[in-house]
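Along the sequence shown, residues are numbered consecutively beginning with 1. Side chains included, hydrogens not; waters and symmetry mates left out as well; all remaining heavy atoms used. Order of listing sets the numbers, starting from 1, for every ligand and every atom in it.
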Amino acid sequence: MAAAKQYDAVVIGGGNSAGYLGAAWVKNNSGKLAILGEEPYVSYERPALSKAYLFPEKPARLPGFHTTVGGGGERHEPGWYSENGVDFLTNTRVTAVDVAGKQLTTASGDTISYDKLVVATGARAVTLKDFKTPGADLKGVHVLRNVQDADSLIEAMQACKAAGGKAVCVGGGYIGMECAAGLAMNGLDVTVVFPEDRLMSRLFTPEIAAFYESFYAAKGIKLLKGDTVTSLEGSGGTVTTAVLKSGERLECSLVLVGVGARPNTDLFAGQLDLVEGPPGGIKVNSNLQASHPDVYAMGDVATFPLQLTGGTPARQEHVNCCRQTATYVANQLASPGGPAFDYLPFFYSRVFSLSWQFYGLSEGNVVMHGDQSAGKFGAFWVKDGRVVGAFLEGGSDEENAAIKKTVVARAAAPADLEQQGLAFALSS
Ligand code: NAD
Ligand code: ISD
């Protein structure tokens, strides 16, 4: 039997965060690193898939968006990893990990030993099969998480156009909103179905949501609120109709499901402390170290104490968190201990000509400002007299940086915050 390969550190998962860890690892000159990813590609900037990848003209394609371009760094294609002594093993699925024995096994039967392990297994898209929705596995029903999903979706858009052009997006969150825009830009007739009373209800206030909803309506996108898909019907194995809880029947030849993601923790059940119930994930301490001292977790799968809220467990499914946790873990591997991982929640989206950013916490009273009819508006969340969160649509780099600064400083909110609006952030 061949001896197990040995590395100073192994990353399981070749997604967004793995690329950023690789970059910091090489910079730190930390030793022999392997990154094991089941996708056929080295790390790429996942956010592109629900945005520019779907553009009808000049769409983003690999190798254009390999990490670390989204974070303002170099583009690391496969050659970069080999030139820098990092074994990035694509098409490599890890099937078992012996945490105590510091060894893992891949689907092809290889055994790999490590000194330190970094869990970057990310999250998987929830599907309608998870809800046992009849018809969930019909052709034409898609989720979007990786390049393969995006390529299938693009192929499905062509088939949908040829079959009448009607598409349904299930879910009114990030994927539902961004993909509805992508499908509409490709000339499809799109209906979005979701259970809440407004788009992006996890973050948007009713006033914020109203702006995007009327923008979508003007683009011909129909929004069916307070409803869900109870079954899908098909003909010849391909979807033809979405049947809703309300009884409504939507003719369609493409269904895109964006109903959330679940952290991939299965390999570690019974071996590491996991967070049972929401937010799920692998529990790590303020140095992003799991319950075994030689294991770290980062990116979408890591549940860490959020310093901003006094250490409440947080799992942030966001590329910004992937980048920051990855750099932090690489630095921990080079030099353990030190200041806690301190994260400022950040979310953003871009759809059609729109672009918004949010920093901080959506807690307390909401103070709206700006002019929705001019496409430039925002909101501050004020708690105990301090600005704890800020949202801005249509902001320039300078304006977005200003709202971030206001949140970081926990600026005292003036009585006329609504009138001052963005000027308050710019002058803080
Ligand atoms: P999400 O949590 O943003 O939205 C899920 C939506 O589906 C919600 O509206 C929810 O109520 C709805 N839903 C849940 N069950 C449903 C059901 N049975 N029927 C109909 N609707 C249902 O999740 P998502 O949009 O699927 O995104 C998945 C992941 O990708 C998230 O981690 C997200 O943060 C990430 N993502 C982020 C961005 C971004 O930051 N711009 C873009 C795309 C994806
Ligand atoms: O910003 C994003 C985005 O569009 C994603 O798909 O973050 C994500 C992932 O959830 C994090 O990698």
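Against a heavy-atom cut-off of under 4.0 Å, E178 is close to the following atoms of ligand 1: 39 (C), 41 (N), 42 (C), 43 (C). Each of the following atoms of ligand 1 lies closer than 4.0 Å to a heavy atom of G171: 6 (C), 7 (O), 12 (C), 21 (N). Atoms of ligand 1 found under 4.0 Å from any heavy atom of V170 (numbered from 1 in listed order, with element): 19 (N), 20 (C). For ligand 1, the atoms lying closer than 4.0 Å to a non-hydrogen atom of H318 are 40 (O).
For the ligand labelled ligand 1, residue G260 lies inside the 4.0 Å heavy-atom shell. Ligand 1 is never approached by R46 to a heavy-atom distance shorter than 4.0 Å. Under the 4.0 angstrom criterion for non-hydrogen atoms, K51 is in contact with ligand 1. Residue contact annotation: Y348 has a non-hydrogen atom under 4.0 Å from ligand 1.
Residue T228 has no nitrogen or oxygen atom sitting less than 3.5 Å from a nitrogen or oxygen atom of ligand 1, judged on distance alone. Ligand 1 has no N or O atom lying under 3.5 Å from any N or O atom of L128, backbone or side chain. Checked by distance only, ligand 1 and F194 stay at 3.5 Å or farther apart across all their nitrogen or oxygen atoms. Remark: ligand 1 and S50 share no N or O pair separated by less than 3.5 Å (distance only, no angle test).
Closest approach of V147 and Y44 over heavy atoms only: N-OH, 3.2 Å.
Which of L49, I175, T230, D227 comes nearest to atom 28 (C) of ligand 1 through a heavy atom is settled by distance: it is I175. Counting heavy atoms only, V259 comes closest to atom 14 (C) of ligand 1 of the residues V192, D130, V259, V351. Nearest-heavy-atom check against atom 7 (O) of ligand 1 across S349, G173, S201, G258 picks out G258.
Aromatic rings of F341 and Y328 (six-membered ring for Trp) have centroids within the 6.0 Å cut-off, being under it. Centroid-to-centroid, the aromatic rings of H369 and F377 stay 6.0 Å apart or farther.
Residues L36 and F88 are not in side-chain contact: their nearest non-hydrogen atoms beyond the backbone lie 4.5 Å or more apart.
Checked by atom type and distance alone, the side chain of S43 pairs as donor or acceptor with a backbone atom of G14 at under 3.5 Å.
Classification of the F347-F358 ring pair by plane angle, with boundaries at 30° and 60°, yields parallel. Taking the six-membered ring for Trp and thresholds of 30 and 60 degrees, F346 and Y348 have nearly parallel ring planes, at less than 30 degrees apart.
R46 has a carboxylate O that lies under 4.0 Å from a charged side-chain N of E39, or vice versa, which qualifies the two as a salt bridge.
Distance check: L183 CG to T191 OG1 gives 11.0 Å after rounding to the nearest 0.5 Å.
Here M200 has no heavy atoms under 4.0 Å from ligand 1, in either its backbone or its side chain. With a 4.0 Å heavy-atom cut-off, ligand 1 is reached by no atom of M177.
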I'd like to know whether S355 forms a side-chain hydrogen bond (donor to acceptor under 3.5 Å, both in side chains) with E393, so could you lay out the CA-CA distance, the side-chain angles of the two residues, the decisive distance to 0.1 Å, and finally the verdict.
CA-CA 6 Å; S355 169; E393 165 59 45; 5.9 Å; no

